[in-house]
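No experiment lies behind these values; they were computed from the predicted model shown.
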Amino acid sequence: MAQAYMTESGNGGSEPEPSGSRFRRRLAELSKDPGIWRRGGVIAAIAVLISLVMIFHAELPNDVGNLGSLTETFLPWLGLAVPLLLAGAVLRKSATALIALVLTGAVWVNLFGGLVTDKSGSGGNLVVATHNVDADNPDPRGTAEAVAKSGADILALTELKGSAVPVYEKALAGTYKYHAVEGTVGVWSKYPLSASAPVDIRMGWTRAMRATVDTPHGKVAAFVAHLPSVRVKMNAGFTANQRDDSADALGAALAAEPLKKVILLGDLNGTMNDRALSEVTSQMRSTQGAAGDGFGFSWPAQFPMARIDQIMVRGIRPEASWTLPRTGSDHLPVAARVTVKP
């Protein structure tokens, strides 16, 4: 019988080509392609531009539409461009684009790689939480009960609507023996509170406060703040001037605080990358940045893209930081476990 097909080799049979050999052969073929370095110039240029923005974001001007602050608010999301451009570079078979993207990826990892991993520890003797409850929250009681389940010893609430304050007070009374409300912000505590007073952040009404919490580990100054909102407008860019002025005023109040142990809780309407908050961030430590699980994005609640709700400390060691389940608000609550040394 005639054999229709037969493959011969030196040893009388057929063997599959090793994958390493195929890769080397394919690499050799590509290296002979004269266009491998010429193609993909646009992709490479975009990758280099993204790298430069990430490296020199602090140099972007804020004079026109607060471009620098807007970019810094969503800076980590620039990393999404890498896999998209990588697909284009592979399709174009461009070595130039691939090398540029390797550099872009390295820059992103250098800036944000540490935030991706879980840095939380098991220590801590004080749990704190903060939540922008949303003035239009349809379920203030359910929101209060949800955040009370976080186990926080100190709870800060911002954007409190006057008519809803009694609802929060009633819902939280069983968990927190002490509380103080100033304007649209408040603090609830399992430990005694004293010296509660508004903090002037140059808004014309009260959206920040300070109170002393007498914890079992010593007195702690607790600041609660809700900085002015920012907007992105087509004709004005990132409108954040009032927020920036309030941040400067809050920073001055923190600098003047006589107690060594300080906690800042609230909605700062800005991220730790935003240079406009430097008067605050330069003297405080983010619990999420130091001991968080991932980026900890808190807003908007339906698809969090930025962490604008902050827990920051001074003279206190962060141990863990995380976001809490969604409530009736447009923000996610955030919590942290810290160590307060006597």
Applying side-chain contact (heavy atoms from CB on, under 4.5 Å) to L86 and L98, what does each step give before you reach the verdict? CA-CA 7 Å; L86 179 61; L98 287 173; 3.4 Å; yes

Set out, in order, the CA-CA distance, both residues' side-chain angles and the distance that settles side-chain contact (heavy atoms from CB on, under 4.5 Å) for T71 and V53, then state yes or no. CA-CA 9 Å; T71 302; V53 169; 3.8 Å; yes

Verify side-chain contact (heavy atoms from CB on, under 4.5 Å) between M312 and T281, making sure each step is shown before the conclusion. CA-CA 8 Å; M312 305 172 71; T281 57; 3.9 Å; yes

Hey, mind stepping through T287 and V313 against side-chain contact (heavy atoms from CB on, under 4.5 Å) and telling me if it holds? CA-CA 7 Å; T287 59; V313 296; 4.1 Å; yes

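Using modelled atom types, one finds a donor on one side chain and an acceptor on the other under 3.5 Å when comparing H131 with T327. Side-chain contact check for D134 and S329: no donor-acceptor pair (N or O, by modelled atom type) lies under 3.5 Å. Judged purely by distance below 3.5 Å, without hydrogens or angles, the side chains of N137 and T143 pair a donor atom with an acceptor atom. T73 and T271 form no side-chain donor-acceptor contact under 3.5 Å, judged by distance and modelled atom types alone.
With respect to the salt-bridge test (charged N to carboxylate O, under 4.0 angstrom), the residues E319 and R317 qualify. Using a 4.0 Å cut-off between charged nitrogen and carboxylate oxygen, E145 and R141 count as a salt-bridge pair.
Here the closest non-hydrogen pair linking S246 and L227 is CB-CD2, 3.9 Å. G121 and A320 make their closest contact through O-CB, 4.1 Å (heavy atoms, listed as atom of the first residue, atom of the second, distance). Closest of all the heavy-atom pairs between V187 and A211 is CG1-CB, 4.3 Å. The two residues V334 and S298 come nearest to each other via the heavy atoms CG1-CB, 4.0 Å. The heavy-atom pair separating I311 from L265 by the smallest distance is CG1-CD2, 4.0 Å. Minimum interatomic distance between P325 and L332 (heavy atoms only, all atoms of both residues): C-CD2, 4.4 Å.
Taking CD from Q283 and CG from L264, the interatomic distance works out to 9.5 Å, rounded to the nearest 0.5 Å. One finds the CG atom of L75 at 7.0 Å from the CG atom of L111 (value rounded to the nearest 0.5 Å). Atoms CG and CD1, from L126 and I263 in turn, are 5.5 Å apart once rounded to the nearest 0.5 Å. Between atom OG1 of residue T104 and atom CD1 of residue I50 there is a gap of 6.5 Å, rounded to the nearest 0.5 Å. For the atom pair NE2 (H217) and CD1 (I316), the distance works out to 10.5 Å, reported to the nearest 0.5 Å. Atoms CZ and NE2, from F297 and H331 in turn, are 15.0 Å apart once rounded to the nearest 0.5 Å.
Between P318 and T339, the closest side-chain pair of non-hydrogen atoms is not below 4.5 Å. Contact check for W299 versus M305: no side-chain heavy atoms found under the 4.5 Å cut-off. The side-chain heavy atoms of Q310 and M272, taken from C-beta on, include a pair separated by under 4.5 Å. A 4.5 Å side-chain heavy-atom check between S69 and R243 finds at least one atom pair inside the cut-off. Using a 4.5 Å heavy-atom threshold, the side chains of L160 and V185 count as separate. Under the 4.5 Å side-chain criterion, counting only non-hydrogen atoms from C-beta, Y191 is not in contact with D214. Taking the side chain as every heavy atom from C-beta outward, T212 and V220 never approach each other to under 4.5 Å. You'll find the side chain of T130 stays beyond 4.5 Å of the side chain of L155, heavy atoms only.
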Could you tabulate the donor-acceptor pairs under 3.5 Å formed by side-chain atoms of residues 170-181, not counting sequence neighbours?
{"from": "Y176", "atom 1": "OH", "to": "A152", "atom 2": "O", "distance (Å)": "2.8"}
{"from": "H179", "atom 1": "NE2", "to": "E169", "atom 2": "OE2", "distance (Å)": "2.9"}

Can you give me every donor-acceptor pair (side chain of residues 196-203, partner residue at least two apart or in another chain, under 3.5 Å) with its distance?
{"from": "S196", "atom 1": "OG", "to": "E182", "atom 2": "OE2", "distance (Å)": "3.1"}
{"from": "D200", "atom 1": "OD1", "to": "R202", "atom 2": "N", "distance (Å)": "2.9"}
{"from": "R202", "atom 1": "NH1", "to": "D245", "atom 2": "O", "distance (Å)": "3.4"}

Could you list the donor-acceptor pairs under 3.5 angstrom formed by side chains in residues 248-262, with sequence neighbours left out?
{"from": "E257", "atom 1": "OE1", "to": "R210", "atom 2": "NE", "distance (Å)": "2.6"}
{"from": "E257", "atom 1": "OE2", "to": "R210", "atom 2": "NH2", "distance (Å)": "3.2"}
{"from": "E257", "atom 1": "OE2", "to": "L259", "atom 2": "N", "distance (Å)": "2.9"}
{"from": "K261", "atom 1": "NZ", "to": "K341", "atom 2": "O", "distance (Å)": "3.3"}

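Annotation: ring-ring contact (aromatic ring centres under 6.0 Å, His included) contacts involving residues 252-275, sequence neighbours excluded, are absent.
In terms of modelled atom types and a separation under 3.5 Å, the side chain of N269 and the main chain of V230 share no donor-acceptor contact. Without hydrogens or angle criteria, S94 side chain to R39 main chain gives a donor-acceptor distance under 3.5 Å. A side-chain donor-acceptor contact under 3.5 Å links E159 to the backbone of A135. Looking only at distances, no side-chain donor or acceptor of D274 sits under 3.5 Å from a matching main-chain atom of E72. Judged by distance alone, with hydrogens and angles left aside, the side-chain atoms of D267 form no donor-acceptor pair with the main-chain N or O of H226 at under 3.5 Å. No donor-acceptor pair under 3.5 Å is formed between the side chain of S189 and the backbone N or O of P192.
For the side chain to side chain contact (heavy atoms under 4.5 Å, CB included) test, residues two or more places apart in sequence or in another chain that qualify with V116 are W108, F295. Under the rule for a side chain to side chain contact (heavy atoms under 4.5 Å, CB included), the partners of D118 that lie at least two apart in sequence or sit in another chain are S120, D293.
Cluster annotation: F74 is not connected to L84 through the hydrophobic network of ILVMFWY side chains, with a link wherever side-chain heavy atoms come within less than 4.5 Å.
Of the candidates R307, K119, R337, S321 forms a side-chain contact (heavy atoms from CB on, under 4.5 Å) with just one, namely R307.
Within 6.0 Å of atom NZ in K190, more than 12 heavy atoms from other residues, nucleotides or ligands are found, so the atom counts as buried in its surroundings.
Relative orientation of the F303 and W77 rings is tilted, given thresholds of 30° and 60° on the angle between their planes.
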